[in-house]
Amino acid sequence: SRFFYIPPKGRHLFQHWRQLWSILRQHPEYRTVYFNILDAGCAFTEFIPWLLGRKIVTHSHNSDTEKKRLHRICRPFLNIFTKEYVACSQVAAEYMFGSSKKARIIPNTIDVQKFVFDPESRRQVRQELKAGDAPVLCHVGRLSPQKNPIGMLDIFQEVLNKCPEAILVSVGTGEMDEEVHAYAKRIGVAEHVRFLGKRNDVSRILQGADVFFLPSLYEGFVIVALEAQAAGLHCVVSSNNTKEIDLTGNVRFLSLEEPYALWADVLLQEAAKERIDTSEAVRAHGYDNQHCEQTDAQLLAILR
């Protein structure tokens with residue numbers, strides 16, 4: 001692969017355009033330009049390859065944005081520029097293109113075998129977390145507004161009111177790092193939270209958990225929910241997530257408008273349930289990247 005770096009459009013739009021134009025003019029062999037995007041503001045960038053007559057593939061990976069006005073304004077132009085429409089879920093297609101009918105839905109696949117439940121790994125992880133027999137809630141995601149980390153801590157506070165020995169494991173970093181750590185101390189839950197930061201062993205950490213927890217404000221198709229299900233975990237997620245993520249019947253959807261005490265009850269109920277191997281259900285739905293020939297064929301057809 002070759003990497004070309006161009007200035008961000010939000011800071012230097014004209015330099016952004018000029019350098020992208022120059023790269024594509026120097027490389028006429030790049031006939032297709034593929035965009036993996038979170039909002040329709042990407043139309044500002046797609047404008048250049050569209051002017052140069054390149055085939056544009058737009059792949060949606062989100063279901064909402066904080067830049068709502070920009071997204072609404074740019075979406076018609078995005079649809080004009082785009083030749084091939086791709087999305088990770090029906091809801092991501094609706095959000096990005098205004099309709100799911102013209103988009104190909106291509107699964108976000110994972111290496112299922114990496115996540116299959118392993119009792120020995122569970123024992124080791126829980127020993128490292130000093131969890132004992134306490135219920136362990138696991139959250140994997142950026143510490144950013146979309147993932148609702150403040151709400152996560154408020155819900156966990158309710159969990160502690162009902163089960164004082166509970167532990168919350170938080171994997172991920174983000175722009176809210178300092179705010180989230182400070183808030184955990186302010187509401188008195190910090191001693192029960194294990195902030196693990198950025199990790200490359202999420203498959204192992206999931207082994208030590210009892211329930212997966214994701215109170216996001218919005219998602220396109222959250223891959224970590226697949227990973228949690230492949231690991232045999234029951235999941236409690238916000239109803240802002242697409243129902244498409246429930247491949248095993250082990251996902252509970254709750255509105256963020258519900259009392260946090262109800263969230264706490266459900267989390268503890270799900271944490272107490274028997275953990276069984278549901279990896280085959282994830283494979284059966286086509287989300288195993290070791291058996292994704294159909295997905296590969298779809299992508300190749302689009303990029304040609």
Side-chain angles (χ1 to χ4, degrees), residues 38 64-66 121-219 222-225 227-228 231 233-241 252-272:
L38 299 179
D64 205 345
T65 177
E66 295 160 31
S121 293
R122 175 178 172 80
R123 186 191 64 77
Q124 292 175 5
V125 170
R126 292 182 72 86
Q127 188 174 44
E128 292 165 14
L129 295 172
K130 299 178 180 177
D133 295 324
V136 174
L137 289 62
C138 185
H139 173 268
V140 181
R142 298 186 316 278
L143 296 182
S144 64
Q146 176 184 352
K147 303 296 183 180
N148 192 21
I150 298 299
M152 171 186 73
L153 292 175
D154 285 337
I155 292 169
F156 182 59
Q157 186 179 38
E158 291 289 345
V159 171
L160 288 176
N161 288 339
K162 299 171 184 292
C163 181
E165 69 272 18
I167 290 172
L168 171 64
V169 173
S170 173
V171 181
T173 61
E175 65 269 32
M176 292 179 67
D177 264 359
E178 291 185 11
E179 179 184 350
V180 170
H181 286 246
Y183 188 73
K185 290 179 181 177
R186 188 157 70 248
I187 65 173
V189 303
E191 290 185 5
H192 295 266
V193 182
R194 312 289 191 260
F195 288 110
L196 302 187
K198 187 176 181 180
R199 299 289 292 252
N200 58 10
D201 60 345
V202 171
S203 59
R204 180 172 174 274
I205 291 168
L206 289 172
Q207 306 298 319
D210 294 301
V211 63
F212 177 74
F213 175 33
L214 193 74
S216 307
L217 299 182
Y218 55 89
E219 295 283 357
V222 59
I223 297 176
V224 71
E227 297 172 345
L233 284 172
H234 291 264
C235 306
V236 180
V237 305
S238 71
S239 54
N240 299 320
N241 285 270
R252 291 282 301 272
F253 296 89
L254 289 178
S255 169
L256 290 171
E257 295 180 3
E258 295 283 2
Y260 285 171
L262 173 63
W263 275 78
D265 286 337
V266 172
L267 282 162
L268 290 171
Q269 289 166 14
E270 297 298 311

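Small disclaimer: the values here were computed from a predicted structure and weren't measured.
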side-chain contact (heavy atoms from CB on, under 4.5 Å) evaluation trace for Leu214 with Cys235: CA-CA 8 Å; Leu214 193 74; Cys235 306; over 6 Å; no
Less than 4.5 Å apart, any side-chain heavy atom of Ile150 and any of Met176? yes
Heavy-atom nearest pair, Val136 first then Gly208, reads CB-O, 3.9 Å
Taking all non-hydrogen atoms of both residues into account, name the closest pair between Leu233 and Val211 and its distance. CD2-N, 3.9 Å
Please enumerate all residues that pass side-chain contact (heavy atoms from CB on, under 4.5 Å) together with Ile223, with sequence neighbours excluded. Asn108, Ile110, Glu227
Which residues pass the side-chain contact (heavy atoms from CB on, under 4.5 Å) test with Ala184, not counting sequence neighbours? Leu153, Val189, Ala190, Phe195
Enumerate the side-chain hydrogen bond (donor to acceptor under 3.5 Å, both in side chains) contacts for residues 187-196, please, sequence neighbours excluded, ordered by first and then second residue. none
Roughly how far, to the nearest 0.5 Å, is CD1 of Ile155 from CD of Glu258? 11.0 Å
Go through the steps to decide whether Tyr260 and Val159 satisfy the test side-chain contact (heavy atoms from CB on, under 4.5 Å), and finish with yes or no. CA-CA 9 Å; Tyr260 285 171; Val159 171; over 6 Å; no
Using the salt bridge (charged side-chain N to carboxylate O under 4.0 Å, His left out) rule, collect all pairs that involve residues 126-139, keeping only residues at least two apart or in two chains. Arg126-Asp210, Glu128-Arg204
With sequence neighbours excluded, residues passing side chain to side chain donor-acceptor pair (under 3.5 Å) with Ser121: Asp118
Kindly write out the residues that satisfy side chain to side chain donor-acceptor pair (under 3.5 Å) with His234, not counting sequence neighbours, or none if the list is empty. Glu270
Among pairs that include at least one residue of residues 196-219, which meet ring pair (Phe, Tyr, Trp, His ring centres under 6.0 Å), considering only residues two or more places apart or in two chains? none
What one should report as the nearest heavy-atom pair of Ala131 and Ile167 is CA-CD1, 3.5 Å
Find the distance between CG (Asp201) and CG (Leu196) and round it off to the nearest 0.5 Å. 8.5 Å
Can you list every pair that meets salt bridge (charged side-chain N to carboxylate O under 4.0 Å, His left out) and has a residue in residues 134-152, with sequence neighbours left out? Lys147-Glu219
Can you list every pair that meets salt bridge (charged side-chain N to carboxylate O under 4.0 Å, His left out) and has a residue in residues 157-186, with sequence neighbours left out? Lys162-Asp265
Side chain to side chain donor-acceptor pair (under 3.5 Å) against Asn161, all qualifying residues, sequence neighbours excluded: none
Please report the closest heavy-atom contact between Val171 and Gly197, naming both atoms and the distance. CG1-O, 3.6 Å
Minimal non-hydrogen separation, Glu66 against Pro145, with atom names: OE2-CB, 3.6 Å
Separation between OG (Ser170) and CG (Leu137), nearest 0.5 Å, reads 11.5 Å
On a heavy-atom basis, the closest approach of Ile205 and Val125 is O-CG1, 4.0 Å
Determine, stepwise, if the pair Thr65 / Leu38 fulfils side-chain contact (heavy atoms from CB on, under 4.5 Å). CA-CA 8 Å; Thr65 177; Leu38 299 179; over 6 Å; no
Set of side-chain contact (heavy atoms from CB on, under 4.5 Å) partners for Leu256, sequence neighbours left out: Asn148, Pro215, Leu217, Ser238, Asn240, Trp263
Set of residues satisfying side-chain contact (heavy atoms from CB on, under 4.5 Å) with respect to Gln127, sequence neighbours excluded: Arg123
